[in-house]
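Below, chain A is the first sequence line, B the second, and so on; all start at residue 1.
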Amino acid sequence: MSERVVTRFAPSPTGYLHIGGARTALFNWLYAKANGGKMLLRIEDTDRKRSSADAIDAILDGLRWLGLEWDGEPFYQHARAERHGEVVKKLLDKSLAYKCYAKPDELEKMRESAHAEGRSAVYDGMWRDRDPSDAPAGVDPVIRFKAPNEGETVIDDQVQGTVTVANKDLDDLIISRSDGSPTYNLAVVVDDHDMGVTHAIRGADHLTNASRQAQIYNALEWQVPIFAHVPLIHGPDGAKLSKRHGALGVEAYRALGYLPAALRNYLARLGWSHGDDEIFTTAQMIEWFDLPGIGRSPSRFDFDKLSNLNAQYIKNSGDEELAGLTRALIPELDKTQLPPNVDDEVCWQKLALAMPGLKERAKTLVDILDNGRFVFVSRPLEMDEKAGKLLDDEALRTLGALLESLETLDDWKIDTIEQAVRGFAEMANLKLGKVAQPLRAVLTGGTTSPGIFDVLLALGKDEAIARIRDQAI
RNA sequence: GCCCCCUUCGUCUAUCGGUUAGGACGCCAGGUUUUCAACCUGGAAAGAGGAGUUCGAUUCUCCUAGGGGGUGCCA
C-alpha cells in the first residue's frame with residue numbers, strides 16, 4: 001500500500017465515551033499504528049443543540065486514559081460549516097442536489113404510504129424535478145441530494161464483505177437543513193475527504209449510511225474510502241447495551257479499578273482475534289491487528305472476563321506502581337466506602353509493603369483497597385463477628401505467648417517472621433492454623449486477609465505487636 | 001412493514017471442505033493450604049433448523065427461524 005493510512009475516530013459529543021466507542025477508537029488507533037499511519041479525531045457536532053462541552057471533555061479524557069492518543073488537533077465539524085456549504089452549493093450548481101419545500105404533513109403522508117406499499121424509500125421526490133418557480137413564498141427549503149434511482153450501490157466492506165443495496169431503496173436524503181446547516185451524511189463525506197481519510201472504521205450502525213455516503217462521493221467524483229463496519233457490542237443479555245451493564249463511560253471503568261492496558265486487551269479481543277491468543281501487549285496488538293481478523297457478529301460484554309484479564313495485569317504490575325495507582329483512584333471513589341486515614345503517607349507505604357499478597361487476590365484496584373483496608377485502620381481495632389468468635393480465652397492466651405517470640409525479633413523480614421511464628425507453633429505443639437487465625441483476627445479485625453506473614457510484615461513490628469497486645473491476655 | 005447485516009460450548013472466539021471441532025472466561029470436582037484468593041489437575045459444555053453443491057460439509061449456495069442495525073431537518 002503506497003498510500004499512507006489515515007483513520008479517524010468521529011464521536012458525537014452527546015455523552016461520555018461509551019465502551020463501543022472506545023473499541024472503535026481502539027481499532028482505528030491500532031490500524032493506524034499497524035500501518036504507520038495516523039488516527040485523526042473529529043468531533044461530530046453539527047447538531048449544536050445536542051452537543052456539549054462536557055461531553056467533549058469526557059471523550060478526550062476517556063481516550064487519553066485509555067492511551068489512545070490521536071494525531072494533531074481534534075477537528076470540530078461545526079467549525080467547517082462554511083466548507084460544507086460550499087460543497088452543497090457545488091452539488092446544487094451541478095444539479096446533483098435540489099431544494100425541497102415539502103411540508104411536514106406531506107412528509108408524514110409519504111411515510112405512511114411507503115409503509116403501506118412496502119417500500120423502503122420514503123421521500124417520493126416531489127421536488128426533484130420541479131420548477132424552482134413553484135417554490136412557495138416564505139418557506140426555507142432543505143436541500144436534498146439527487147440520489148440515483150436505478151442500479152445499485154455496492155460497498156466492499158472490509159468486515160461485512162460486499163454489501164449491495166438497490167438504489168430504488170435509497171431516497172433523496174437531506175444534506176442541508178432549512179437553517180442552512182449541513183447534515184451528518186454530507187459533513188462526513190466532505191470531512192473524510194478533506195482530512196484525507198483512507199479508512200473509515202466505525203460501528204455497524206453506520207452500514208446503511210455507507211451506501212448513501214458512497215453515492216455522494218460518486219456524485220462529487222471523490223474517491224470512496226475503505227470501509228470497515230464493526231459489529232456492535234451488546235449487553236450480557238444480548239440486548240442493547242444499557243447503563244445497567246456495559247454502557248458505562250470509560251471513566252466508570254477507571255473508577256471500578258480497571259487498568260487501561262487490561263481494558264484495551266479485553267476490547268481488542270472482543271470482536272477481533274489473532275488465533276487463540278488471549279493476552280497481548282500493546283506492541284503485539286499493533287503488530288497483529290488487521291481488518292480481516294474482525295468478526296462479523298455482534299458480541300456481548302462480559303465483566304467476568306474483563307475482571308480476569310485485569311487480575312492478570314495487576315499480578316504483573318509492580319508493587320509501588322499499584323499502590324500509586326490505587327492512591328490516584330481515591331478521588332474517584334465513593335467517600336463513604338473509603339478506609340480511614342487515606343491521607344496518611346505511612347499507611348500507603350504499608351499498602352505497598354502488603355502488595356505482593358494483595359495483588360495476587362485482586363481483580364481490580366478497588367479490591368486492593370478493600371483487602372488492604374487493615375493497613376489503614378487505627379487501633380484499637382474493632383473485631384467483626386467472626387473474629388470475635390474466634391478469639392476465645394485459649395486463643396488469646398496463645399497470642400499472649402506468641403508475643404515474646406515476636407518481640408525478640410530484631411530483623412522484621414518476611415522469612416524471619418515466618419520462622420518465628422512457625423517455630424512458636426511447633427514449640428507450643430499447635431497446628432499453624434491455631435496460631436494464624438487468631439493472629440489474623442487481632443491484626444485485621446476480620447477472618448480473611450492476605451497471608452499472615454505478609455500482614456505482619458506490612459504492619460511493621462511496632463504496630464503488629466501493639467495490635468496483638470490490644471487483645472491478648 | 002421495508003432494506004441491510006449476523007448465527008460454533010452460557011460468554012469471547014479458533015477452524016479458512018477432510019480435526020476425537022481447539023483455546024479463554026465462567027461453572028463443577030479434586031489437589032495444595034494459616035483464612036480468602038491465587039495456583040495445579042480433571043470434567044461437563046457448541047456448529048439454529050431444513051434443502052442443495054460435493055467422494056466429503058461447521059466451512060460454499062438457497063430457504064426458514066431467531067438476533068441486530070437502519071428506516072430523522074440525530075450522529
Dump the intermediate steps for ring pair (Phe, Tyr, Trp, His ring centres under 6.0 Å) on A:His193 and A:Tyr217, then the final yes or no.
CA-CA 9 Å; A:His193 171 265; A:Tyr217 277 103; 7.4 Å; no

Evaluate side-chain contact (heavy atoms from CB on, under 4.5 Å) for A:Trp412 paired with A:Leu409, printing each intermediate quantity in order.
CA-CA 7 Å; A:Trp412 199 254; A:Leu409 256 187; 4.1 Å; yes

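One P atom belongs to B:C63, the other to B:C4, and the distance between them is 11 Å to the nearest Å. Straight-line distance between the P atoms of B:C12 and B:G72: roughly 31 Å, to the nearest whole Å. When the C1' atom is compared between B:A51 and B:U19, the two are found 26 Å apart, to the nearest whole Å. Taking atom P on both nucleotides, B:U58 is separated from B:G52 by 14 Å, rounded to a whole Å. Here the separation of B:U13 from B:A48, taken at their P atoms, is 15 Å to the nearest Å. Of the P atoms belonging to B:A57 and B:U61, the separation is 16 Å, rounded to the nearest Å. Nucleotides B:C60 and B:C27, compared at atom C1', are 36 Å apart to the nearest Å. Nucleotides B:G50 and B:C36 place their P atoms 49 Å apart, quoted to the nearest Å.
Here B:G23 is the nucleotide among B:G68, B:C25, B:G23 with the atom lying nearest to any side-chain atom of A:Glu278. Closest to the side chain of A:Lys363, out of B:C4, B:A38, B:C6, is B:A38. Here the nucleotide nearest the side chain of A:Leu232, chosen from B:G69, B:C6, B:C3, is B:G69.
With rounding to whole Å, A:Leu402 atom CG is found 16 Å from B:U34 atom P. As a whole-Å value, the separation of A:Gln160 CD from B:G68 P is 16 Å. Remark: P of B:C2 and CG of A:Asn167 are 20 Å apart, rounded to the nearest angstrom. A:Ile155 has its CD1 atom 15 Å from the C1' atom of B:G69, to the nearest Å.
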For nucleotides 19-22 of chain B, print each protein N/O atom paired with a nucleotide N/O atom at under 3.5 Å, atom names and distance only.
from  : atom 1 : to       : atom 2 : distance (Å)
B:G22 : N2     : A:Asp276 : OD1    : 2.4

Could you go through nucleotides 39-45 of chain B and list every protein N or O atom that sits under 3.5 Å from one of its N or O atoms, giving the distance for each pair?
none

Protein N or O to nucleotides 70-75 of chain B N or O, pairs below 3.5 Å:
from  : atom 1 : to       : atom 2 : distance (Å)
B:G70 : O2'    : A:Thr208 : OG1    : 2.9
B:G72 : OP2    : A:Arg111 : NH1    : 2.7
B:G72 : N2     : A:Arg50  : NH2    : 2.9
B:C73 : O2     : A:Ser178 : N      : 3.1
B:C73 : O2     : A:Ser178 : OG     : 2.9
B:C73 : N3     : A:Ser178 : OG     : 2.9
B:C74 : OP2    : A:Arg177 : NE     : 2.0
B:C74 : OP2    : A:Arg177 : NH2    : 2.7
B:C74 : O3'    : A:Arg177 : NH2    : 3.1
B:C74 : O2'    : A:Asp47  : OD2    : 3.2
B:A75 : OP1    : A:Thr46  : OG1    : 2.6
B:A75 : OP1    : A:Arg177 : NH2    : 2.4
B:A75 : OP2    : A:Arg177 : NH2    : 3.4
B:A75 : OP2    : A:Tyr184 : N      : 3.1
B:A75 : O3'    : A:Glu44  : O      : 3.3
B:A75 : O3'    : A:Glu44  : OE1    : 3.1
B:A75 : O2'    : A:Ser12  : OG     : 3.2
B:A75 : N6     : A:Asn209 : OD1    : 3.2
B:A75 : N6     : A:Asn209 : ND2    : 3.2
B:A75 : N1     : A:Asn209 : ND2    : 3.2

Nucleotides 60-66 of chain B: which of its N/O atoms have a protein N/O under 3.5 Å away?
none

Restricting both atoms to N or O, compile the protein contacts to nucleotides 31-33 of chain B shorter than 3.5 Å, with distance only.
none

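Aromatic rings of A:Tyr258 and A:Tyr313 (six-membered ring for Trp) have centroids beyond the 6.0 Å cut-off, not under it. Between A:Phe303 and A:Phe301, a ring centre-to-centre spacing shorter than 6.0 Å is recorded.
Just one of A:Gln213, A:Arg212, A:Gln215 meets the side chain to side chain donor-acceptor pair (under 3.5 Å) condition when paired with A:Thr153; it is A:Gln215.
With sequence neighbours excluded, no residue forms a side-chain hydrogen bond (donor to acceptor under 3.5 Å, both in side chains) with A:Tyr101. A:Asp205 pairs by the side-chain contact (heavy atoms from CB on, under 4.5 Å) definition with A:Leu232, not counting sequence neighbours.
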Side chains of residues 47-59 of chain A: which donor-acceptor pairs under 3.5 Å do they make with residues two or more places apart or in other chains?
from    : atom 1 : to      : atom 2 : distance (Å)
A:Asp47 : OD1    : A:Lys49 : N      : 3.3
A:Asp47 : OD2    : A:Arg50 : NE     : 3.2
A:Arg48 : NH1    : A:Asp45 : O      : 3.4
A:Arg48 : NH1    : A:Asp45 : OD2    : 3.3
A:Arg48 : NH1    : A:His78 : ND1    : 3.1
A:Ser51 : OG     : A:Asp47 : O      : 3.0
A:Ser52 : OG     : A:Ala55 : N      : 3.0

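We find the CG-CG distance between A:Leu68 and A:Leu66 to be 5.0 Å, quoted to the nearest 0.5 Å.
Near-neighbour residues of RNA chain B inside residues 442-458 of chain A, defined by a heavy atom below 4.0 Å, number-ordered: A:Thr447, A:Thr448, A:Ser449, A:Pro450, A:Gly451, A:Ile452, A:Phe453. Residues from residues 381-391 of chain A that place a heavy atom under 4.0 Å from any atom of RNA chain B: there are none.
Residue pairs that meet the ring-ring contact (aromatic ring centres under 6.0 Å, His included) test with at least one member in residues 152-186 of chain A, sequence neighbours left out, are A:Tyr184-A:His206. Applying the ring-ring contact (aromatic ring centres under 6.0 Å, His included) rule to pairs touching residues 143-169 of chain A yields nothing, sequence neighbours excluded.
Note on A:Asp171 versus A:Arg144: no salt bridge recorded, every NZ/NE/NH1/NH2 to OD/OE distance being 4.0 Å or above.
Between the side chain of A:Arg300 and the base of B:U11, no donor-acceptor pair under 3.5 Å is found.
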